[in-house]
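Heads up: the structure comes next, in structure tokens.
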Amino acid sequence: LKNNDDSEALWYEPYFKEAIQHMGTNSLPNLLEWIAYEPPIWKTKLINALSGLRWIPERFQEDRAERLALGAEEAFLILGRHASAVIPELSRLARNPSGGTSAYRAAYIVLSFGPESQGVVLDLLKHPDPSVRSCAISSLRDNTNASTAIPSLVVRLKDPDDTVAA
């Protein structure tokens, strides 16, 4: 039997954190590869269509590449400033206008670097994905001096997505 309960992963959290810290920057190339994963559109549509059913075939319940991408996101946060060497690559991925979840994940990570990522924030306020724009706004609120971003923030008040405009 296969356990799909994600809460089981929490039991191993100390080992995960220790392993990532042990691998350190040697893991960055793999983490960049995994974080760039974008689920195929057909798979997303199929899972959304099946979500109304009580039963979804097991092979559609878990996407190994998606789990690697989520793990890579956590690993970047654990590495913190030790991963700052990949800010340019994460910024490029976050700025990708056709990126969906990968752009959001990269934006979330690059913006967690605080002042080091301030140059990226204003670009991300113009990203076509509302989740990326919201992430940039949250970063301004939490981590940086927002005075330079006031004109861009005023424009976002008229954003077509209510979550961004709020």
Side-chain angles (χ1 to χ4, degrees), residues 3-40 44 61-153 155-156 159 161 163-166:
N3 185 356
N4 287 332
D5 185 3
D6 283 346
S7 64
E8 183 180 355
L10 295 177
W11 300 341
Y12 301 104
E13 185 178 350
Y15 300 113
F16 175 75
K17 187 174 182 177
E18 184 180 332
I20 294 300
Q21 289 170 337
H22 182 72
M23 289 184 285
T25 57
N26 292 330
S27 62
L28 293 178
N30 291 96
L31 296 176
L32 281 170
E33 178 185 336
W34 295 334
I35 202 115
Y37 172 71
E38 198 64 50
T44 304
Q61 290 178 14
E62 184 174 312
D63 184 343
R64 182 176 187 278
E66 180 69 22
R67 288 185 65 92
L68 285 172
L70 292 172
E73 182 178 326
E74 287 297 315
F76 274 116
L77 295 174
I78 289 168
L79 290 172
R81 301 233 183 263
H82 296 292
S84 62
V86 295
I87 288 177
E89 290 89 351
L90 287 169
S91 299
R92 181 190 50 76
L93 186 59
R95 287 179 174 123
N96 181 358
S98 62
T101 55
S102 62
Y104 172 78
R105 278 193 293 269
Y108 180 72
I109 294 161
V110 79
L111 295 174
S112 74
F113 288 104
E116 292 180 58
S117 63
Q118 192 164 2
V120 181
V121 176
L122 296 177
D123 288 344
L124 296 182
L125 287 171
K126 302 171 196 158
H127 197 279
D129 186 331
S131 66
V132 174
R133 294 193 305 269
S134 290
C135 187
I137 289 170
S138 294
S139 173
L140 282 169
R141 182 189 65 224
D142 299 337
N143 297 321
T144 62
N145 178 358
S147 61
T148 58
I150 288 174
S152 297
L153 289 170
V155 170
R156 290 298 118 213
D159 197 281
D161 188 278
T163 60
V164 175

| query | Once you round to the nearest 0.5 Å, how far does CD of Glu38 lie from CG of Asn96? | reply | 8.5 Å
| said: Can you give me the closest heavy-atom contact between Asp129 and Gly99, atom names plus distance? | reply: OD2-O, 4.3 Å
| task | Quick one: list whatever passes side chain to side chain contact (heavy atoms under 4.5 Å, CB included) with Ala103, sequence neighbours left out. | result | His127, Val132
| said: If you compare all heavy atoms of Arg81 against all heavy atoms of Phe113, which two are closest, and at what distance to 0.1 Å? | reply: NH1-O, 2.8 Å
| note | Smallest heavy-atom separation, Ala94 atom then Leu124 atom, equals O-CD2, 3.5 Å
| remark: For Leu93 and Ala36, the nearest pair of non-hydrogen atoms, with its separation, is CD2-CA, 3.9 Å
| request: List the atom of Arg95, the atom of Asp123, and the distance in Å for their closest heavy-atom pair. | output: NE-OD2, 2.8 Å
| request: Hey, could you give me the CD1/CD1 distance between Ile35 and Ile109, rounded to the nearest 0.5 Å? | output: 3.0 Å
| Inter-residue atom distance Thr101.OG1 - Tyr108.OH, 0.5 Å rounding | 15.0 Å
| field | Interatomic spacing from NZ in Lys17 to CG in Leu79 - rounded to 0.5 Å | value | 11.0 Å
| query | About how many Å separate CZ of Arg67 and OH of Tyr37, when rounded to the nearest 0.5 Å? | reply | 13.0 Å
| Distance (rounded to the nearest 0.5 Å) between Leu111 CG and Cys135 SG | 5.0 Å
| Is any side-chain heavy atom of Phe76 closer than 4.5 Å to a side-chain heavy atom of Leu32? | yes
